[in-house]
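Worksheet: the structure to be examined is printed underneath.
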2 protein chains.
Amino acid sequence: MGERSRGLTATELEAYFAFTEVSSLLRHSVEKQLRDAGDLSYVQFQLLARLGDAPDGRLRMTDLADGVVYSRSGLTYQAQLLEQRGLVTRGPSPEDERSTVVTVTEAGRDALDTVFPGHVAALRELLFSALTDADVEELARILGRAAGQLRANPPRSAAPRRRKGQ
Amino acid sequence: MGERSRGLTATELEAYFAFTEVSSLLRHSVEKQLRDAGDLSYVQFQLLARLGDAPDGRLRMTDLADGVVYSRSGLTYQAQLLEQRGLVTRGPSPEDERSTVVTVTEAGRDALDTVFPGHVAALRELLFSALTDADVEELARILGRAAGQLRANPPRSAAPRRRKGQ
DNA sequence: TATTGTTATACTCTATAACTATA
DNA sequence: TATAGTTATAGAGTATAACAATA
(Lines give C-alpha, C1' and ligand atoms only; values in the text may rest on other atoms or scores of the structure.)
Protein backbone atom coordinates (compact mmCIF):
# COMPACT_ATOMS: atom_id res chain seq x y z
CA MET A 1 0.00 0.00 0.00
CA GLY A 2 2.91 2.26 -0.61
CA GLU A 3 3.17 5.35 1.51
CA ARG A 4 -0.08 4.70 3.23
CA SER A 5 1.56 1.79 4.99
CA ARG A 6 3.04 4.15 7.55
CA GLY A 7 1.87 2.93 10.87
CA LEU A 8 2.56 -0.72 10.23
CA THR A 9 5.96 -2.35 10.00
CA ALA A 10 6.94 -4.14 6.84
CA THR A 11 6.49 -7.47 8.57
CA GLU A 12 3.09 -6.54 9.90
CA LEU A 13 1.99 -5.55 6.43
CA GLU A 14 3.31 -8.79 5.05
CA ALA A 15 1.47 -10.79 7.66
CA TYR A 16 -1.74 -8.85 7.07
CA PHE A 17 -1.62 -9.26 3.31
CA ALA A 18 -0.88 -12.94 3.58
CA PHE A 19 -3.74 -13.31 6.02
CA THR A 20 -6.26 -11.58 3.78
CA GLU A 21 -5.07 -13.52 0.77
CA VAL A 22 -5.35 -16.87 2.50
CA SER A 23 -8.66 -15.91 3.98
CA SER A 24 -10.14 -14.87 0.67
CA LEU A 25 -8.88 -17.77 -1.42
CA LEU A 26 -9.61 -20.40 1.19
CA ARG A 27 -13.08 -19.08 1.82
CA HIS A 28 -13.85 -19.04 -1.85
CA SER A 29 -12.69 -22.61 -2.39
CA VAL A 30 -14.44 -23.91 0.68
CA GLU A 31 -17.68 -22.22 -0.25
CA LYS A 32 -17.60 -23.83 -3.64
CA GLN A 33 -16.94 -27.25 -2.13
CA LEU A 34 -19.78 -26.93 0.35
CA ARG A 35 -22.14 -25.73 -2.34
CA ASP A 36 -21.20 -28.50 -4.74
CA ALA A 37 -21.13 -31.32 -2.20
CA GLY A 38 -24.17 -30.44 -0.13
CA ASP A 39 -25.79 -27.26 -1.42
CA LEU A 40 -24.83 -25.49 1.79
CA SER A 41 -23.61 -21.94 2.14
CA TYR A 42 -20.67 -21.38 4.44
CA VAL A 43 -22.91 -19.79 7.04
CA GLN A 44 -25.33 -22.70 6.90
CA PHE A 45 -22.48 -25.14 7.28
CA GLN A 46 -21.20 -23.29 10.30
CA LEU A 47 -24.61 -23.25 11.92
CA LEU A 48 -25.10 -26.98 11.32
CA ALA A 49 -21.61 -27.78 12.54
CA ARG A 50 -22.21 -25.80 15.69
CA LEU A 51 -25.43 -27.62 16.35
CA GLY A 52 -23.76 -30.92 15.59
CA ASP A 53 -21.28 -30.28 18.36
CA ALA A 54 -23.78 -29.03 20.90
CA PRO A 55 -25.18 -31.35 23.58
CA ASP A 56 -28.27 -33.06 22.13
CA GLY A 57 -27.70 -31.05 18.97
CA ARG A 58 -29.67 -28.17 20.44
CA LEU A 59 -28.95 -24.48 20.90
CA ARG A 60 -30.97 -21.35 21.51
CA MET A 61 -31.05 -18.96 18.59
CA THR A 62 -28.98 -16.45 20.48
CA ASP A 63 -26.25 -18.92 21.33
CA LEU A 64 -26.28 -20.34 17.84
CA ALA A 65 -25.62 -16.96 16.29
CA ASP A 66 -22.46 -16.06 18.16
CA GLY A 67 -19.71 -15.09 15.76
CA VAL A 68 -21.43 -16.62 12.75
CA VAL A 69 -24.13 -14.10 12.03
CA TYR A 70 -24.12 -10.47 13.03
CA SER A 71 -27.80 -9.65 12.97
CA ARG A 72 -30.70 -11.42 14.57
CA SER A 73 -32.84 -11.21 11.50
CA GLY A 74 -30.04 -12.79 9.50
CA LEU A 75 -30.08 -15.77 11.79
CA THR A 76 -33.84 -16.09 11.57
CA TYR A 77 -33.50 -16.08 7.80
CA GLN A 78 -30.89 -18.82 7.74
CA ALA A 79 -32.70 -20.89 10.35
CA GLN A 80 -35.82 -20.74 8.22
CA LEU A 81 -33.92 -21.99 5.20
CA LEU A 82 -32.45 -24.88 7.16
CA GLU A 83 -35.83 -25.72 8.65
CA GLN A 84 -37.50 -25.71 5.24
CA ARG A 85 -34.97 -28.24 4.08
CA GLY A 86 -35.56 -30.35 7.11
CA LEU A 87 -32.02 -29.99 8.41
CA VAL A 88 -33.09 -28.42 11.70
CA THR A 89 -36.26 -28.02 13.72
CA ARG A 90 -37.28 -25.02 15.76
CA GLY A 91 -39.42 -24.92 18.84
CA PRO A 92 -40.08 -22.88 21.96
CA SER A 93 -37.81 -23.36 24.93
CA PRO A 94 -39.40 -24.95 27.98
CA GLU A 95 -37.34 -22.84 30.38
CA ASP A 96 -37.72 -19.45 28.80
CA GLU A 97 -40.81 -18.95 26.72
CA ARG A 98 -39.17 -16.15 24.80
CA SER A 99 -36.45 -18.37 23.43
CA THR A 100 -36.46 -20.55 20.35
CA VAL A 101 -34.45 -23.75 20.47
CA VAL A 102 -32.93 -25.03 17.24
CA THR A 103 -32.16 -28.74 16.90
CA VAL A 104 -30.27 -30.60 14.16
CA THR A 105 -32.24 -33.41 12.61
CA GLU A 106 -30.87 -36.70 11.34
CA ALA A 107 -31.04 -35.23 7.85
CA GLY A 108 -28.96 -32.34 9.14
CA ARG A 109 -26.32 -34.69 10.47
CA ASP A 110 -26.37 -36.56 7.20
CA ALA A 111 -25.76 -33.32 5.36
CA LEU A 112 -22.76 -32.66 7.57
CA ASP A 113 -21.45 -36.16 6.95
CA THR A 114 -21.88 -35.71 3.23
CA VAL A 115 -19.99 -32.50 3.12
CA PHE A 116 -17.30 -33.11 5.65
CA PRO A 117 -14.84 -35.41 3.87
CA GLY A 118 -14.50 -32.99 0.98
CA HIS A 119 -14.22 -30.11 3.39
CA VAL A 120 -11.35 -31.75 5.21
CA ALA A 121 -9.72 -32.77 1.95
CA ALA A 122 -9.84 -29.21 0.71
CA LEU A 123 -8.27 -27.89 3.90
CA ARG A 124 -5.56 -30.47 3.73
CA GLU A 125 -4.80 -29.80 0.10
CA LEU A 126 -5.10 -26.04 0.11
CA LEU A 127 -3.76 -25.16 3.52
CA PHE A 128 -2.04 -27.83 5.54
CA SER A 129 -0.12 -29.52 2.77
CA ALA A 130 2.18 -26.52 2.61
CA LEU A 131 2.81 -26.43 6.35
CA THR A 132 4.93 -28.48 8.70
CA ASP A 133 3.55 -29.79 11.97
CA ALA A 134 5.51 -27.11 13.75
CA ASP A 135 3.98 -24.48 11.49
CA VAL A 136 0.50 -25.67 12.33
CA GLU A 137 1.25 -25.55 16.03
CA GLU A 138 2.62 -22.05 15.75
CA LEU A 139 -0.35 -20.98 13.69
CA ALA A 140 -2.78 -22.36 16.25
CA ARG A 141 -0.95 -20.64 19.07
CA ILE A 142 -0.63 -17.26 17.39
CA LEU A 143 -4.11 -17.14 15.93
CA GLY A 144 -5.49 -18.36 19.22
CA ARG A 145 -4.02 -15.30 20.85
CA ALA A 146 -5.38 -13.06 18.14
CA ALA A 147 -8.83 -14.61 18.45
CA GLY A 148 -8.78 -13.94 22.17
CA GLN A 149 -7.91 -10.34 21.56
CA LEU A 150 -10.70 -9.95 19.03
CA ARG A 151 -13.24 -11.59 21.28
CA ALA A 152 -12.29 -9.17 24.01
CA ASN A 153 -12.90 -6.25 21.68
CA PRO A 154 -16.55 -6.42 20.72
CA PRO A 155 -17.46 -4.17 17.79
CA ARG A 156 -17.44 -0.65 19.07
CA SER A 157 -20.20 1.91 18.91
CA ALA A 158 -22.55 -0.66 20.31
CA ALA A 159 -26.11 -0.59 19.19
CA PRO A 160 -29.59 -1.31 20.54
CA ARG A 161 -28.77 -4.72 21.89
CA ARG A 162 -25.62 -6.04 23.31
CA ARG A 163 -25.33 -9.67 22.42
CA LYS A 164 -26.22 -10.62 18.89
CA GLY A 165 -27.30 -7.82 16.68
CA GLN A 166 -24.31 -5.82 15.52
CA MET B 1 -16.99 -30.62 15.15
CA GLY B 2 -16.93 -33.74 17.22
CA GLU B 3 -16.53 -37.02 15.41
CA ARG B 4 -16.61 -35.42 12.06
CA SER B 5 -13.18 -34.00 12.77
CA ARG B 6 -11.59 -37.28 11.78
CA GLY B 7 -9.14 -36.47 9.07
CA LEU B 8 -7.65 -33.47 10.80
CA THR B 9 -5.41 -33.54 13.82
CA ALA B 10 -6.47 -31.73 16.95
CA THR B 11 -3.89 -29.05 16.28
CA GLU B 12 -5.01 -28.61 12.70
CA LEU B 13 -8.57 -28.19 13.86
CA GLU B 14 -7.49 -25.70 16.43
CA ALA B 15 -5.55 -23.72 13.87
CA TYR B 16 -8.44 -23.81 11.43
CA PHE B 17 -11.01 -22.67 13.96
CA ALA B 18 -8.77 -19.89 15.17
CA PHE B 19 -8.20 -18.83 11.61
CA THR B 20 -11.89 -18.67 10.75
CA GLU B 21 -12.66 -16.85 13.95
CA VAL B 22 -9.99 -14.23 13.42
CA SER B 23 -10.96 -13.90 9.81
CA SER B 24 -14.61 -13.36 10.56
CA LEU B 25 -14.24 -10.97 13.46
CA LEU B 26 -11.46 -8.96 11.86
CA ARG B 27 -13.29 -8.67 8.59
CA HIS B 28 -16.43 -7.53 10.32
CA SER B 29 -14.63 -4.85 12.31
CA VAL B 30 -12.63 -3.63 9.37
CA GLU B 31 -15.69 -3.43 7.17
CA LYS B 32 -17.42 -1.29 9.73
CA GLN B 33 -14.44 1.02 10.02
CA LEU B 34 -14.13 1.44 6.26
CA ARG B 35 -17.84 2.08 5.93
CA ASP B 36 -17.91 4.60 8.77
CA ALA B 37 -14.72 6.42 7.85
CA GLY B 38 -15.06 6.57 4.10
CA ASP B 39 -18.26 4.86 2.98
CA LEU B 40 -16.22 2.15 1.29
CA SER B 41 -16.96 -1.53 1.18
CA TYR B 42 -14.06 -3.85 1.81
CA VAL B 43 -13.94 -4.80 -1.85
CA GLN B 44 -13.91 -1.17 -2.92
CA PHE B 45 -11.12 -0.43 -0.48
CA GLN B 46 -9.08 -3.31 -1.84
CA LEU B 47 -9.57 -2.16 -5.40
CA LEU B 48 -8.58 1.41 -4.56
CA ALA B 49 -5.58 0.25 -2.54
CA ARG B 50 -4.43 -1.90 -5.41
CA LEU B 51 -4.70 0.99 -7.83
CA GLY B 52 -2.96 3.27 -5.37
CA ASP B 53 0.04 0.98 -5.39
CA ALA B 54 0.13 0.44 -9.13
CA PRO B 55 2.49 2.48 -11.32
CA ASP B 56 0.67 5.66 -12.33
CA GLY B 57 -2.31 4.38 -10.37
CA ARG B 58 -3.49 2.47 -13.43
CA LEU B 59 -4.46 -1.16 -14.01
CA ARG B 60 -6.41 -3.09 -16.59
CA MET B 61 -9.70 -4.47 -15.36
CA THR B 62 -8.40 -8.00 -15.58
CA ASP B 63 -5.32 -7.27 -13.51
CA LEU B 64 -7.29 -5.25 -11.02
CA ALA B 65 -9.63 -8.12 -10.32
CA ASP B 66 -7.10 -10.76 -9.32
CA GLY B 67 -7.96 -12.27 -6.00
CA VAL B 68 -10.37 -9.49 -5.05
CA VAL B 69 -13.38 -10.29 -7.17
CA TYR B 70 -14.28 -13.66 -8.60
CA SER B 71 -16.49 -12.70 -11.48
CA ARG B 72 -15.94 -10.25 -14.26
CA SER B 73 -19.36 -8.76 -13.96
CA GLY B 74 -18.76 -8.21 -10.27
CA LEU B 75 -15.73 -6.11 -11.07
CA THR B 76 -17.60 -4.10 -13.66
CA TYR B 77 -20.25 -3.41 -11.05
CA GLN B 78 -17.77 -2.20 -8.45
CA ALA B 79 -15.79 -0.18 -10.97
CA GLN B 80 -18.98 1.57 -11.99
CA LEU B 81 -19.72 2.47 -8.40
CA LEU B 82 -16.24 3.86 -7.89
CA GLU B 83 -16.41 5.78 -11.16
CA GLN B 84 -19.77 7.29 -10.27
CA ARG B 85 -18.24 8.59 -7.06
CA GLY B 86 -15.29 10.03 -8.95
CA LEU B 87 -12.77 7.82 -7.21
CA VAL B 88 -11.56 6.19 -10.43
CA THR B 89 -11.79 6.83 -14.15
CA ARG B 90 -12.14 4.23 -16.85
CA GLY B 91 -10.94 4.42 -20.42
CA PRO B 92 -9.86 2.28 -23.31
CA SER B 93 -6.31 0.97 -23.38
CA PRO B 94 -4.12 2.38 -26.15
CA GLU B 95 -2.28 -0.91 -26.58
CA ASP B 96 -5.18 -3.32 -26.60
CA GLU B 97 -8.47 -1.89 -27.72
CA ARG B 98 -10.35 -4.63 -25.91
CA SER B 99 -9.03 -3.60 -22.53
CA THR B 100 -10.34 -1.03 -20.12
CA VAL B 101 -7.82 0.79 -18.00
CA VAL B 102 -8.89 1.94 -14.55
CA THR B 103 -7.09 4.86 -12.92
CA VAL B 104 -7.35 6.24 -9.38
CA THR B 105 -8.22 9.90 -9.24
CA GLU B 106 -7.02 12.42 -6.69
CA ALA B 107 -10.34 11.99 -4.95
CA GLY B 108 -9.67 8.28 -4.87
CA ARG B 109 -6.32 8.82 -3.22
CA ASP B 110 -7.95 11.20 -0.79
CA ALA B 111 -10.47 8.53 0.10
CA LEU B 112 -7.64 6.11 0.81
CA ASP B 113 -5.88 8.69 2.94
CA THR B 114 -9.08 9.33 4.87
CA VAL B 115 -9.66 5.73 5.62
CA PHE B 116 -6.16 4.49 6.17
CA PRO B 117 -5.27 5.76 9.64
CA GLY B 118 -8.34 4.18 11.17
CA HIS B 119 -7.70 1.01 9.23
CA VAL B 120 -4.20 0.72 10.59
CA ALA B 121 -5.35 1.60 14.07
CA ALA B 122 -7.96 -1.14 13.97
CA LEU B 123 -5.40 -3.70 12.85
CA ARG B 124 -3.03 -2.66 15.56
CA GLU B 125 -5.65 -2.76 18.25
CA LEU B 126 -7.50 -5.88 17.18
CA LEU B 127 -4.70 -8.02 15.83
CA PHE B 128 -1.15 -6.93 16.43
CA SER B 129 -1.51 -5.70 19.98
CA ALA B 130 -1.84 -9.30 21.11
CA LEU B 131 1.23 -10.51 19.23
CA THR B 132 4.95 -10.21 19.78
CA ASP B 133 7.30 -9.19 17.00
CA ALA B 134 8.36 -12.80 16.72
CA ASP B 135 4.74 -13.89 16.41
CA VAL B 136 4.20 -11.47 13.57
CA GLU B 137 7.25 -12.75 11.77
CA GLU B 138 6.14 -16.33 12.18
CA LEU B 139 2.66 -15.44 11.02
CA ALA B 140 4.00 -13.73 7.92
CA ARG B 141 6.20 -16.67 7.11
CA ILE B 142 3.58 -19.37 7.65
CA LEU B 143 0.73 -17.58 5.97
CA GLY B 144 3.05 -16.61 3.15
CA ARG B 145 3.59 -20.29 2.49
CA ALA B 146 -0.09 -21.01 2.70
CA ALA B 147 -0.85 -18.20 0.29
CA GLY B 148 1.61 -19.61 -2.17
CA GLN B 149 -0.04 -22.98 -1.95
CA LEU B 150 -3.47 -21.48 -2.50
CA ARG B 151 -2.29 -19.42 -5.44
CA ALA B 152 -0.88 -22.57 -7.01
CA ASN B 153 -4.27 -24.28 -6.66
CA PRO B 154 -6.67 -22.24 -8.72
CA PRO B 155 -10.33 -23.03 -8.04
CA ARG B 156 -10.96 -26.44 -9.52
CA SER B 157 -13.59 -27.46 -12.02
CA ALA B 158 -12.64 -24.47 -14.07
CA ALA B 159 -15.29 -22.78 -16.07
CA PRO B 160 -15.67 -20.86 -19.33
CA ARG B 161 -12.66 -18.64 -18.86
CA ARG B 162 -9.40 -19.26 -17.17
CA ARG B 163 -8.24 -16.05 -15.58
CA LYS B 164 -10.84 -14.02 -13.77
CA GLY B 165 -14.36 -15.17 -13.77
CA GLN B 166 -15.02 -18.84 -14.08
C1' DT C 1 -11.40 -18.59 -32.23
C1' DA C 2 -10.00 -16.65 -27.97
C1' DT C 3 -9.96 -12.69 -25.01
C1' DT C 4 -11.75 -8.33 -22.72
C1' DG C 5 -15.33 -6.25 -20.89
C1' DT C 6 -20.44 -4.96 -20.37
C1' DT C 7 -25.31 -5.78 -19.72
C1' DA C 8 -29.54 -8.01 -18.23
C1' DT C 9 -31.33 -10.67 -14.89
C1' DA C 10 -32.16 -13.36 -11.06
C1' DC C 11 -30.90 -14.56 -6.64
C1' DT C 12 -28.73 -14.65 -2.05
C1' DC C 13 -27.72 -12.41 1.83
C1' DT C 14 -27.67 -8.76 5.23
C1' DA C 15 -29.34 -4.96 8.00
C1' DT C 16 -32.78 -1.68 10.01
C1' DA C 17 -36.79 -0.80 12.16
C1' DA C 18 -41.18 -1.97 13.79
C1' DC C 19 -43.56 -5.41 16.22
C1' DT C 20 -44.99 -9.38 19.46
C1' DA C 21 -44.39 -11.80 23.52
C1' DT C 22 -42.21 -13.14 27.70
C1' DA C 23 -39.05 -12.10 32.09
C1' DT D 1 -37.99 -2.13 31.00
C1' DA D 2 -35.14 -5.40 28.96
C1' DT D 3 -34.64 -9.53 26.36
C1' DA D 4 -35.73 -13.14 22.48
C1' DG D 5 -37.19 -13.64 18.26
C1' DT D 6 -39.88 -12.59 13.85
C1' DT D 7 -41.36 -9.90 9.98
C1' DA D 8 -41.35 -6.42 6.42
C1' DT D 9 -38.64 -4.15 3.51
C1' DA D 10 -35.05 -2.29 1.20
C1' DG D 11 -30.36 -2.44 -0.48
C1' DA D 12 -25.84 -4.35 -1.57
C1' DG D 13 -23.46 -7.70 -3.82
C1' DT D 14 -22.64 -11.79 -6.77
C1' DA D 15 -23.06 -15.00 -10.54
C1' DT D 16 -24.66 -16.71 -15.08
C1' DA D 17 -25.45 -16.18 -19.62
C1' DA D 18 -25.84 -13.59 -23.69
C1' DC D 19 -23.65 -10.05 -26.05
C1' DA D 20 -20.30 -6.79 -28.66
C1' DA D 21 -15.78 -5.72 -29.96
C1' DT D 22 -10.97 -6.51 -30.68
C1' DA D 23 -6.66 -9.78 -31.28
Side-chain angles (χ1 to χ4, degrees), chain A residues 24 27-28 31-32 34-36 39-47 59-85 88-102 155 157-166, chain B residues 24 27-28 31-32 34-36 39-47 59-85 88-102 155 157-166:
Chain A
S24 169
R27 172 80 175 247
H28 193 254
E31 283 189 338
K32 173 159 180 46
L34 293 172
R35 182 68 66 194
D36 291 349
D39 196 29
L40 292 175
S41 73
Y42 190 64
V43 166
Q44 289 163 1
F45 171 69
Q46 286 183 96
L47 295 176
L59 284 174
R60 298 191 323 149
M61 289 286 280
T62 294
D63 300 322
L64 178 57
D66 273 320
V68 175
V69 163
Y70 296 91
S71 76
R72 293 165 292 127
S73 62
L75 177 58
T76 296
Y77 171 75
Q78 293 294 343
Q80 280 173 342
L81 292 185
L82 291 174
E83 189 178 38
Q84 283 164 18
R85 289 175 56 182
V88 306
T89 58
R90 287 187 294 173
S93 165
E95 305 142 12
D96 186 334
E97 288 285 331
R98 294 172 302 180
S99 290
T100 294
V101 171
V102 186
S157 74
R161 300 185 184 182
R162 261 154 298 162
R163 293 191 65 172
K164 258 355 28 70
Q166 85 281 198
Chain B
S24 170
R27 172 81 174 246
H28 195 254
E31 283 189 339
K32 175 159 178 44
L34 293 172
R35 182 69 65 194
D36 291 348
D39 196 29
L40 292 175
S41 71
Y42 191 62
V43 166
Q44 288 162 1
F45 171 70
Q46 285 183 95
L47 295 175
L59 283 174
R60 298 190 324 149
M61 289 286 279
T62 293
D63 300 323
L64 178 57
D66 274 319
V68 176
V69 162
Y70 295 91
S71 76
R72 290 164 295 128
S73 61
L75 177 58
T76 296
Y77 171 75
Q78 293 293 346
Q80 281 172 342
L81 292 184
L82 292 174
E83 188 179 38
Q84 282 164 19
R85 289 175 55 182
V88 306
T89 57
R90 287 188 294 173
S93 164
E95 303 142 13
D96 186 336
E97 287 287 328
R98 295 171 303 182
S99 291
T100 297
V101 171
V102 186
S157 74
R161 299 186 184 181
R162 261 153 299 162
R163 293 192 65 174
K164 242 38 338 91
Q166 101 265 213

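Chain letters run A, B, ... following the sequence lines, proteins first and then strands; every chain starts at 1.
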Check the phosphate of D:dT7 against A:R72, side-chain N and O only, distance under 4.0 Å to OP1 or OP2. Yes or no?
no
Of the listed nucleotides (C:dT4, D:dT6, C:dT16), which one gets closest to any side-chain atom of B:R60?
C:dT4
Tell me what B:T76 touches on the nucleic acid: a base, only sugar-phosphate, or nothing, going by heavy atoms under 4.0 Å.
base
Ignoring the backbone of A:E97, work out which of C:dA23, C:dC13, D:dG13 is nearest its side chain.
C:dA23
Among the nucleotides C:dT22, D:dT22, C:dA15, whichever has the atom closest to the side chain of B:D96 is D:dT22
Using a heavy-atom cut-off of 4.0 Å across all strands, would you classify A:S41 as base, sugar-phosphate, or nothing?
sugar-phosphate
Rounded to whole angstroms, how far apart are CG on A:L81 and P on D:dT6?
13 Å
In whole angstroms, how far is the P atom of D:dA12 from the CG atom of B:L82?
14 Å
When you compare the side chain of B:L40 with that of B:Q46, does any pair of heavy atoms fall below 4.5 Å?
no
May I have the distance from A:L75 (atom CG) to D:dT7 (atom C1'), rounded to whole angstrom?
14 Å
May I have the distance from A:D63 (atom CG) to D:dT3 (atom C1'), rounded to whole angstrom?
13 Å
Closest to side chain of A:Y77, choosing from D:dT22, C:dT14, D:dT3:
C:dT14
Is there a donor N/O on one and an acceptor N/O on the other, under 3.5 Å, for the side chain of A:S73 and the base of C:dA15?
yes
Between D:dA21, D:dA12, D:dT7, spot the one nearest the side chain of B:R35, thanks.
D:dA12
Closest to the B:S71 side chain: C:dT16, D:dA2, D:dT16?
D:dT16
Heavy-atom donor-acceptor pair, A:Q84 side chain to A:L81 backbone, under 3.5 Å
no
I'd like to know if A:R27 pairs up with A:E31 as an ion pair, taking the criterion as any Lys NZ or Arg NE/NH1/NH2 lying under 4.0 Å from an Asp or Glu carboxylate oxygen.
yes
Rounded to whole angstrom units, what separation is found between the CD atom of A:E31 and the C1' atom of C:dC13?
11 Å
From the set C:dA2, D:dA4, C:dT14, return the single nucleotide nearest to any side-chain atom of A:S99.
D:dA4
Those residues that, when tested against B:R98, pass side-chain contact (heavy atoms from CB on, under 4.5 Å) (two or more places apart)
B:D96
Mind calculating the distance between CZ (A:R98) and C1' (D:dT1) to the nearest angstrom?
11 Å
C:dT12 phosphate, OP1 or OP2: any side-chain N/O from A:Q44 under 4.0 angstrom?
no
For the pair made of CD in A:Q84 and P in C:dC13, what is the distance, rounded to whole Å?
12 Å
Using only side-chain N and O atoms of B:Q78, determine if any of them is under 4.0 Å from OP1 or OP2 of D:dA12.
no
Consider only side-chain N and O atoms of B:S99 and B:R60, and report whether a donor and an acceptor are under 3.5 Å apart.
yes
In terms of side-chain heavy atoms, does A:Y70 have a donor or acceptor partner in B:S24 at a distance below 3.5 Å?
yes
Between CE of B:M61 and P of C:dT3 the distance, given in whole Å, is 18 Å
